[in-house]
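Quick note: residue numbers are just sequence positions, from 1.
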Amino acid sequence: MSRLRLAIFDVDGTLVDSQASIVGSMRHAFASQGLEAPARDEILAQVGLSLPVIFENLAPDASDDVREGLREGYKQGFMAIRQDKGSAATAPLYPGALEALDQLHAVPEVLLGIATGKSKRGLDRLLEGHGLTKRFVTQQVADFHPSKPHPAMIEAALAETGVAPADAVMIGDTQYDMEMAKAAGVYAIGVDWGYHAADRLTAADVVISEFSALQDVLAQVWRD
């Protein structure tokens, strides 16, 4: 392996299991506006999108003011949960995630990146909580890009690292991650332990069921 390679990871549902915090924060958001919260599965189906798009989908008949209140309520709820339990406890790493990151980080030619629907502040707190801040050389967040599946996040990561699309992969748990990868021209690796069932990952080039399978997939994708 001589050329630089880039492995871009989604966060929620891929690296960390934050569903309890997401659902709790979403229920807080709807309660703050006097509305009934959607069902858990309906909430988790939206994970990966940016908050404005999520609330357009979950509250299609709400006014702009109500949606703004929902967004603020979600942020407040999330911060309260994080302050109560800490970032690491509210969003634990999935089994094998840290080992996979360690293995990739140990290869000089492999760069690690993130493409997430989280805010920069939220991502910073999460990475700090897990001691992972310095692992990722490019971090793309919802603050600065259109929502997934728009390819802007991946395109920015490629531009920042100088890696060609053919030498990059996107690893994620939702159909939005896979569609974003295809739109950006990079290899799409789906994971089936997250918030979208494997049968929704139709745009994926491959779907894995555990982090230990990632190395073999990358060896095949990146063989010279």
Side-chain angles (χ1 to χ4, degrees), residues 9-87 89-91 114-126 129 139-156 170 172-184 190 193-203:
F9 289 87
D10 169 59
V11 177
D12 296 309
T14 300
L15 289 177
V16 300
D17 186 4
S18 50
Q19 63 177 296
S21 300
I22 291 171
V23 173
S25 301
M26 198 63 70
R27 288 172 176 166
H28 180 274
F30 276 84
S32 75
Q33 299 301 306
L35 299 174
E36 182 178 352
R40 181 188 192 90
D41 289 348
E42 190 176 355
I43 292 171
L44 292 178
Q46 303 297 316
V47 173
L49 300 173
S50 61
L51 280 181
V53 176
I54 287 175
F55 286 119
E56 286 176 10
N57 293 339
L58 293 181
D61 299 324
S63 67
D64 290 343
D65 287 344
V66 169
R67 286 182 188 162
E68 177 61 27
L70 288 169
R71 291 195 293 270
E72 289 305 312
Y74 180 87
K75 293 174 184 177
Q76 292 169 5
F78 206 96
M79 285 190 290
I81 293 171
R82 186 174 58 206
Q83 289 172 357
D84 180 45
K85 298 182 178 180
S87 295
T90 57
I114 281 175
T116 178
K118 300 179 83 67
S119 68
K120 185 178 188 307
R121 181 171 64 177
L123 178 62
D124 287 347
R125 294 285 181 84
L126 178 68
Q139 301 174 19
Q140 308 303 324
V141 296
D143 305 58
F144 312 120
H145 297 289
S147 178
K148 299 176 183 178
H150 193 284
M153 290 187 188
I154 293 180
E155 291 170 347
M170 175 70 206
D173 70 303
T174 72
Q175 71 178 74
Y176 314 122
D177 296 314
M178 302 299 96
E179 292 167 359
M180 177 176 64
K182 293 293 95 179
W193 56 76
Y195 304 147
H196 283 189
D199 60 9
R200 290 187 62 181
L201 307 181
T202 54

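- How far CD1 of Ile114 is from CG of Leu123: 4.5 Å, rounded to the nearest 0.5 Å.
- Minimum heavy-atom separation, Phe78 to Lys118: CZ-NZ, 4.0 Å.
- To the nearest 0.5 Å, atoms CD1 (Ile43) and CZ (Arg27) are separated by 6.0 Å.
- Ala115 approaches Lys148 most closely through the heavy-atom pair O-NZ, 3.0 Å.
- When all heavy atoms of Pro146 and Ala152 are compared, the closest pair comes out as CD-CB, 3.6 Å.
- At least one donor-acceptor pair under 3.5 Å links the side chain of Ser21 to the backbone N or O of Thr90.
- Between the side chain of Arg40 and the backbone N or O of Ala20 there is no donor-acceptor pair closer than 3.5 Å.
- Between atom OG of residue Ser119 and atom CZ of residue Phe144 there is a gap of 9.5 Å, rounded to the nearest 0.5 Å.
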Query - Stepwise side chain to side chain contact (heavy atoms under 4.5 Å, CB included) check, His145 with His150 - result: CA-CA 8 Å; His145 297 289; His150 193 284; over 6 Å; no
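- Salt-bridge annotation for Glu179 and Lys182: absent, with no side-chain N of the basic residue lying under 4.0 Å from a carboxylate O of the acidic one.
- The backbone N or O of Ile54 lies less than 3.5 Å from no partner atom in the side chain of Asn57, so there is not a single donor-acceptor pair.
- For the atom pair Arg200 CZ and Gln175 CD, the distance stands at 4.0 Å (nearest 0.5 Å).
- Minimum heavy-atom separation, Gly190 to Leu201: CA-CD1, 4.1 Å.
- Residue Tyr195 comes nearest to Ile22 through the heavy atom pair CE1-CD1, 4.3 Å, listed as atom of the first residue, atom of the second, then distance.
- At least one donor-acceptor pair closer than 3.5 Å links the side chain of Ser147 to the backbone N or O of Ser50.
- In this structure, His196 and Tyr176 have perpendicular ring planes: the angle between them is above 60°, well past the 30° mark.
- Residues Gln139 and Thr116 have side chains not in contact (no heavy-atom distance under 4.5 Å, counting atoms from C-beta outward).
- Rounded to the nearest 0.5 angstrom, Met180 CE and Met178 CE are separated by 7.5 Å.
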Report task. Start with the C-alpha distance between Ile154 and Gln140, add both sets of side-chain angles, then the distance that settles side chain to side chain contact (heavy atoms under 4.5 Å, CB included), and finish with yes or no. Result -> CA-CA 8 Å; Ile154 293 180; Gln140 308 303 324; over 6 Å; no
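- Between Met26 and Tyr74, the closest side-chain pair of non-hydrogen atoms falls below 4.5 Å.
- With rounding to the nearest 0.5 angstrom, the CZ atom of Phe55 is 5.0 Å from the CG atom of Leu70.
- Considering all non-hydrogen atoms of both residues, Pro60 and Arg67 come closest at O-NH2, 2.9 Å.
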